Amino acid sequence: MAGRLEGKVAVITGAGSGIGAESARLFAAEGANVLVSDMRAESGEKVAAEIGDSAAFQAVDVSREADVRAMIEAAMARWGRIDVLFNNAGFGGAIGPIESTSADDYDITFDVLLKGVFLGMKYVAPIMKAQRAGSIISTASVAATIGGGSPHLYAVAKAAVVKLTETVALELGAQGIRVNCICPGFIATPLAVGHPDADEDAFEKLRNGIGRSQPIGRLGEPRDIAQAALYLASDDSTFVTGHAMVVDGGVNAGPAWDHWPKWMTESRPLKMYRPKGR
Ligand SMILES: NC(=O)c1ccc[n+]([C@@H]2O[C@H](COP(=O)([O-])OP(=O)(O)OC[C@H]3O[C@@H](n4cnc5c(N)ncnc54)[C@H](O)[C@@H]3O)[C@@H](O)[C@H]2O)c1
């Protein structure tokens, strides 16, 4: 079904790669005008050019207030409204033991992963209030809900994105603005590989490795998250707000069945403590 975003304007951060790029393509295919924003101009411009007339590129570092304000102003100057803001830009942030994490790396991690989302919400809110309509979507992560497997500060920042989503949804709901986030599992993007210019071979390795161990039996693809974002952006979800939508192939539910202890997964008759006569 095409045209689910017909006539709408969407601003997407981190749209030069991975989840953001795929969302920009899908939103445009569904009828939206899209402002493709990214810190990396070359990749962002490429995505916007590929989409064509319904897209434009804006360079933005989401950790800088002036950049985020300019991004919102650029979309308004070009299209006169903003129906969807997708705060998606991100990176892995500081990694390693707590004792060797510098305070500077702490600041950068939170500035990109949390302040970037806060700034997007802050600058789009007055516009969406005046329109009395809008959908704000942010990319959190299953790192917010599952213990282990992701860097300390990344997990905390993503958990904060979930909470910020909930509280801002409560403020803006009565004004027709919905605020939601998506918690992706493992998705085949440069971020998951650990290199911004990762090639197809690196993704294949990931698909054949960690992908096979996912409960659903495969790695997530950027399209899986773009489709969730499309639902939250569109009028199909007008009663959905304050929600953290987990899109993870089952990871949040637990390990895949073949990773459970054998004694639990083999068929056997119930004997111990069986009630008499049953
Ligand atoms: N790939 C996964 O497994 C996964 C899982 C959970 C959540 N996420 C989240 O998904 C979002 C998108 O990541 P992705 O997986 O598509 O990775 P990606 O590396 O393909 O894309 C991230 C994009 O964000 C941009 N970016 C980084 N810092 C920025 C900044 N300060 N300002 C503006 N742009 C900036 C990068 O240039 C890049 O184009 C991130 O928020 C990430 O934390 C990813």
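Order of appearance sets the numbers: ligands from 1, and atoms from 1 within every ligand. Computed from a predicted structure; not experimentally measured.
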Proximal atoms of ligand 1 relative to G90 (non-hydrogen, under 4.0 Å): 22 (C), 24 (O), 27 (C), 40 (C), 41 (O)
Atom 30 (C) of ligand 1 [closest protein heavy-atom partner, distance rounded to 0.1 Å]: M39 SD, 3.5 Å
Exam field: side chain R212 to backbone R207, donor-acceptor pair closer than 3.5 Å: no
Gap separating the CD1 atom of I137 from the OG atom of S23, nearest 0.5 angstrom: 8.0 Å
Polar proximity ligand 1 side, G20 side, N/O cut 3.5 Å exclusive: no
Stepwise side-chain hydrogen bond (donor to acceptor under 3.5 Å, both in side chains) check, T139 with N88: CA-CA 5 Å; T139 309; N88 166 74; 2.7 Å; yes
Heavy-atom nearest neighbour in the protein, as seen from atom 13 (O) of ligand 1, with distance rounded to 0.1 Å: L191 CD1, 4.0 Å
Side-chain donor/acceptor of R4 to backbone N/O of E30, under 3.5 Å: no
Proximity flag G185 to ligand 1, non-hydrogen atoms under 4.0 Å: yes
CG (D53) with more than 12 external heavy atoms under 6.0 Å: no
Shortest heavy-atom approach to atom 44 (C) of ligand 1 - which of I19, V142, I210: I19
Atoms of ligand 1 close to D61 [distance to a heavy atom under 4.0 angstrom, numbered from 1]: 30 (C), 31 (N), 32 (N)
Salt bridge present between R81 and D83 (N-O < 4.0 angstrom): yes
Check: D111 main-chain N/O paired with S63 side-chain donor or acceptor under 3.5 Å: no
Sub-4.0 Å heavy-atom approach of P190 to ligand 1: yes
Selection from V60, T189, I108 by shortest heavy-atom distance to atom 15 (O) of ligand 1: T189
Closest candidate by heavy atom, reference atom 20 (O) of ligand 1, pool S17, A15, A198: S17
Nearest-option assignment for atom 42 (C) of ligand 1, heavy atoms, candidates Y154, F186, F86, F91: Y154
Close-contact set for ligand 1 against T139 heavy atoms, below 4.0 Å: 9 (C), 10 (O), 11 (C)
Atom indices of ligand 1 within 4.0 angstrom of G14 heavy atoms, with elements: 23 (C), 24 (O), 25 (C)
Minimum side-chain heavy-atom gap Q227-Y231 below 4.5 Å: no
Numbered atoms and elements of ligand 1 in range of A140, under 4.0 angstrom, heavy atoms: 7 (C)
Closest protein heavy atom to atom 32 (N) of ligand 1, given as residue, atom name and distance to 0.1 Å: V62 N, 2.9 Å
Residue V112 vicinity, atoms of ligand 1 by number, heavy atom under 4.0 Å: 31 (N)
Short side-chain to backbone donor-acceptor contact, T241 and G173, under 3.5 Å: no
Atom indices of ligand 1, in the order listed, that fall short of 4.0 Å to a heavy atom of R40: 37 (O)
T13 to ligand 1, any heavy atom closer than 4.0 Å: no
Flag, side chain of N208 to backbone of K205, donor-acceptor distance under 3.5 Å: no
Atoms of ligand 1 close to G18 [distance to a heavy atom under 4.0 angstrom, numbered from 1]: 16 (O), 20 (O)
Heavy atom of K158, distance to ligand 1 below 4.0 Å: yes
Flag for S102-D104: side-chain donor and acceptor within less than 3.5 Å: no
Side-chain (T13) to main-chain (A89) donor-acceptor, under 3.5 angstrom: yes
N/O donor-acceptor pair under 3.5 Å between E171 side chain and T167 backbone: no
Residue pair R40 / S17, side-chain donor-acceptor N/O under 3.5 Å: no
Atom 38 (C) of ligand 1: the protein heavy-atom neighbour that sits closest, reported with distance to 0.1 Å: D38 OD2, 3.5 Å
Within reach of ligand 1, part of A188 (heavy-atom separation under 4.0 Å): neither
Heavy atom of the protein closest to atom 3 (O) of ligand 1 (residue, atom name, distance): I187 N, 2.9 Å
N or O pair under 3.5 Å between N88 and ligand 1: yes
